[in-house]
There are 2 protein chains.
Amino acid sequence: MKITAQEEYGLRCILQLAREQGNLDAGGAMQVRDIAEREGLSVAYVEKILWTLGRSGIVESVRGPKGGYRLTRPSEEISIGEVMRVLGGMPSQEEICSQFTGNQETCVHHDGCGLRPVWVSITDFVHSVFDKIPITTLLRQGIDIQYVRLDGVGRHRPAPVPGD
Amino acid sequence: MKITAQEEYGLRCILQLAREQGNLDAGGAMQVRDIAEREGLSVAYVEKILWTLGRSGIVESVRGPKGGYRLTRPSEEISIGEVMRVLGGMPSQEEICSQFTGNQETCVHHDGCGLRPVWVSITDFVHSVFDKIPITTLLRQGIDIQYVRLDGVGRHRPAPVPGD
DNA sequence: GCTAATCCTGACAAGTTTGTCAGGTTCGGA
DNA sequence: TCCGAACCTGACAAACTTGTCAGGATTAGC
């Protein structure tokens, strides 16, 4: 399970915008050059990444001199899962079933898990977790496992929930 | 975030071994050819994957005629995270910090999250989740999100748990 | 101790991802 | 109105991943 370079850098760029969001005037934007400099990336590469993010509506551009990029929504409302999906790392359900079927035309898991490849199980799961985590979590602390209750994972019957 | 082909196929091979585990005599093993056939993969490729798994002690080989592969431990004791790490998709902590630093020599996150790239936060998190899920979960049902209680992820204070 | 079945392993071609380049388009301000 | 700062975008070389190939090493059974 790998984070692609685009995901890493895309998230970093988004985090730069999130940090700056409070400092900007209404209508203000952050320049690609500044982001590139702070992250140690080339301007061309940051442009490419921001273009991808822009196409899907997470960030928007302001053209012309004094232009740049900014988030379209408050950073608290953007989830890690959303950003990762946009950056191409997380394939959608439809794409999944056409991959990883080996040499045969149809999925070969005759019994047990039916047609679902392992892929789907794991990706589904990761999706549902990261869709619930806002990017601001990464600004503060990384993702703290202590806030995820893992009781019952991998068992058939949910373990009793200790009175919270 | 991508599952690599090796992870997908490696997990499938392990699951084949796990399914067969009960049917085998003590000392018995499953042949590469059978696994390859059931998964629709080439024998050569399955050999390569099993060799990787063998090197790290998750499976072991029996050479000669009637040889093959088998798990070294009961399948309930093998976690998805362990298998994924072995198959090369999940880099260890040490490897992580030497990657993804952009064009500069040192990590450029001056403030906020210190030296940790986004990479580390997310990978740490995924590790700690998958290390708790045995591979047998994939045999039964995929990973059922309903058994993972996500309340509070990404918030500072855990949300109340609704009565089960 | 042969033989054949089976695992073992390094080298390599094809495909994908990564990051750069070069040239375009838009638009605020002198 | 024109200039230059800044975003926009397709094409491409380098690096990595994937899956195959060919030949080698081990050992059960005769």
Next item on the list: Could you check whether G54(B) gets within reach of a base, just the sugar-phosphate, or nothing at all, counting any heavy atom under 4.0 Å?
Entry: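 Answer is nothing: G54(B) stays at 4.0 Å or more from every strand.
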
Next item on the list: Drop me the distance from I133(B)'s CD1 to D131(B)'s CG, to the nearest 0.5 angstrom.
Entry: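 So the gap between those two atoms works out to 9.5 Å.
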
Note to self: Within this structure, what is the CD-CD distance for the pair E8(A) and E39(A), rounded to the nearest 0.5 Å?
What the structure shows: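 Rounded to the nearest 0.5 Å, the CD-CD separation comes out at 8.5 Å.
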
Between [N] and [X], is there an OP1 or OP2 to side-chain N/O distance shorter than 4.0 Å?
X: K48(B); N: dC21(D); result: no
X: S42(A); N: dT20(C); result: yes
X: Y9(A); N: dT17(C); result: no
X: S61(A); N: dA6(D); result: no

Next item on the list: State whether the distance check finds a donor on one side and an acceptor on the other, under 3.5 Å, for side chain R33(B) versus base dT6(C).
Entry: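 Such a pair does not exist between side chain and base.
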
Note to self: When you measure only distances, ignoring hydrogens and angles, does the side chain of E47(B) come within 3.5 Å of the base of dC7(C) through a donor and an acceptor?
What the structure shows: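 By the distance-only test, no, there is no pair.
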
How close or far is atom [atom2] of [N] from atom [atom1] of [X], stated in whole angstroms?
X: K66(A); N: dC3(D); atom1: NZ; atom2: P; result: 21 Å
X: R55(A); N: dC7(D); atom1: CZ; atom2: C1'; result: 16 Å
X: W51(A); N: dC7(D); atom1: CH2; atom2: C1'; result: 13 Å
X: Y45(A); N: dC8(D); atom1: OH; atom2: P; result: 18 Å
X: Q6(B); N: dT17(D); atom1: CD; atom2: P; result: 10 Å
X: E7(A); N: dT17(C); atom1: CD; atom2: P; result: 12 Å
X: E60(B); N: dT6(C); atom1: CD; atom2: P; result: 18 Å
X: M30(B); N: dC7(C); atom1: CE; atom2: P; result: 11 Å

With respect to the side chain of [X], which nucleotide from [options] is positioned closest?
X: K2(B); options: dG29(D), dC7(C), dT17(C); value: dT17(C)
X: R63(B); options: dT20(C), dT26(D), dT25(C); value: dT26(D)
X: A5(B); options: dT20(D), dC7(C), dT18(D); value: dT18(D)

Counting distance only, does the side-chain N/O of [X] pair as donor-acceptor with the main-chain N or O of [Y] below 3.5 Å?
X: E7(B); Y: T4(B); result: yes
X: T136(B); Y: E76(B); result: no
X: E20(B); Y: R70(B); result: no

Next item on the list: Between P65(B) and A44(A), just flag the one whose closest nucleotide in DNA chain C comes earlier from the 5' side.
Entry: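 With P65(B) and A44(A) compared, the 5'-side residue is P65(B).
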
